[in-house]
There are 2 protein chains.
Amino acid sequence: MALAHANPADAESGRERILHRAAELFLARGYAETSLRTIADAAEMRPASIYYHFESKDHLLTEILDRGIDGVMTAFDEAEKRVEGVTDGRTRLNAHVAGHMHALFANQVFTAAHITIFPFIPDTVRARAVPQRDEYEARWTELLEGIATQLPKQAVAYIRLSLFGAMNSSLHWFDPANGTVDKLAAAIVATLWNGIESHQ
Amino acid sequence: MALAHANPADAESGRERILHRAAELFLARGYAETSLRTIADAAEMRPASIYYHFESKDHLLTEILDRGIDGVMTAFDEAEKRVEGVTDGRTRLNAHVAGHMHALFANQVFTAAHITIFPFIPDTVRARAVPQRDEYEARWTELLEGIATQLPKQAVAYIRLSLFGAMNSSLHWFDPANGTVDKLAAAIVATLWNGIESHQ
DNA sequence: GTCTATACCTTGATAGAC
DNA sequence: GTCTATCAAGGTATAGAC
């Protein structure tokens, strides 16, 4: 019987190590700014070894983007299960915002990397990811239109985009060490739900 | 007497041409993704000529970032003048959001470039820009605390960050050809001010 | 599945003529 | 103020041994 690994990272296969370290580096420094030599260093192997697992740097990026989308898609489905049958709009919204934020901060570095570097990746790779992103957006559109039934769809679209801006920009300033992700999610929902007006 | 230039861009000095084309390219593709050869092409000169005007690529970037901050600082001051003496919070907020959005979309490509590429520039350049950004943030903190006087400062900080996320993320999806910047600003303020609750 | 060694290209930057 | 010519470094990627 094999010994358990003290550090879970040791248990990762070479391929998984490359994916995780690359995603971390892309998130921290960007795609073009991160060389395969740097990724190989972080994954504790030689640059050439990466090419056993991935056809090119772009293919490595593609898989990271795919996993990133999978992360939020799964989070959305799980949040939906958690509020199945719930009719209160704010409760439903809160569950989904919390799910998205946990995917960003707690679960998957792939999701954080995807959202952060997306505007600056090669055109071909970005084009491939667009349909998946559209599908995720569509789920949110449906959710929000079901909650704010009195609003015109155009207004809901602005709300959705504002909400995405608020959620995703937190990657640049929120530190999970200084507050729980759930509290951050609740604060974002409170801003969107109450507005400033009611607190003047 | 010199002839007037048909295209205002023709009137730009070599130095200005470099700055504008570089900012446009950094905004569209990112800093590391844009080579000095590409910039030189766009500015209709040879790569070596750039070094007559700028010590290095990082120095060129630094000036673009500085101009970007100047753009929103000036916009903030002008918005403040426009609502001098006005006490209604929403009117004051609307003026400043519109000012920020105009700086992003209508006035200065430098501001848009600054905000977009900031997370992915070399550490040394980024560190130099932080105090200027902090000063701009501080003006918004003061503005928002003066408007939402009943809220704890922590809540105002979340609102400020949500608002910045909403405003700046519009760079990635708003097309000025499909709507005026003023309407976009009004929609963002409406989302923040009314919340969803009042429209259910 | 990982290695050594290396090819080939693009990059930021410099020297010096005009 | 812009050019031609060029360099050294670092980039992605490949060949082939182990």
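To find a chain, count down the sequence lines: A is the first, B the second, and so on, and within it residues start at 1.
- Using a 4.5 Å heavy-atom threshold, the side chains of A:W193 and A:I147 count as touching.
- Taking a heavy-atom distance under 4.0 Å as the criterion, the stretch of DNA chain C touched by chain A extends 5' to 3' from C:dG1 to C:dA5.
- Here the P atom of nucleotide D:dT14 and the OH atom of A:Y51 are 7 Å apart, to the nearest Å.
- Nucleotides of DNA chain D nearest to A:E33 and B:S49 differ in position, and the one nearer the 5' end is that of B:S49.
- When heavy atoms are screened at a 4.0 angstrom cut-off, A:T34 is found touching the sugar-phosphate backbone but no base atom.
- Between the side chains of B:Y51 and B:H59, no donor N or O sits under 3.5 Å from an acceptor N or O.
- Each of A:D58, A:D123, A:D66 was evaluated against A:R128; a single residue qualifies, A:D66, per the side chain to side chain donor-acceptor pair (under 3.5 Å) test.
- Cation-pi check for A:K57 over A:Y31 is met; the charged atom lies under 6.0 angstrom from the ring centroid and within 45 degrees of its normal.
- At a cut-off of 3.5 Å, with distance as the only test, no side-chain donor of B:R67 or B:H114 sits close to an acceptor on the other residue.
- Atom C1' of nucleotide D:dA13 and atom OH of A:Y52 are separated by 18 Å, given to the nearest angstrom.
- For the pair A:E137 and A:R160, the salt-bridge criterion is met [side-chain N within less than 4.0 Å of a carboxylate O].
- Residue-level contact check: B:S35 touches the backbone only, with heavy atoms under 4.0 Å from sugar-phosphate atoms and none from bases.
- Nearest-nucleotide assignment on DNA chain C puts the 5′-proximal partner with A:A48, out of A:A48 and A:R37.
- Taking CH2 from B:W140 and CG from B:L163, the interatomic distance works out to 5.5 Å, rounded to the nearest 0.5 Å.
- Between B:R21 and B:E12, at least one side-chain nitrogen of the basic residue sits less than 4.0 Å from a carboxylate oxygen of the acidic one, meeting the salt-bridge criterion.
- Near DNA chain D, meaning a heavy atom under 4.0 Å away, the residues from residues 53-68 of chain B are B:H53.
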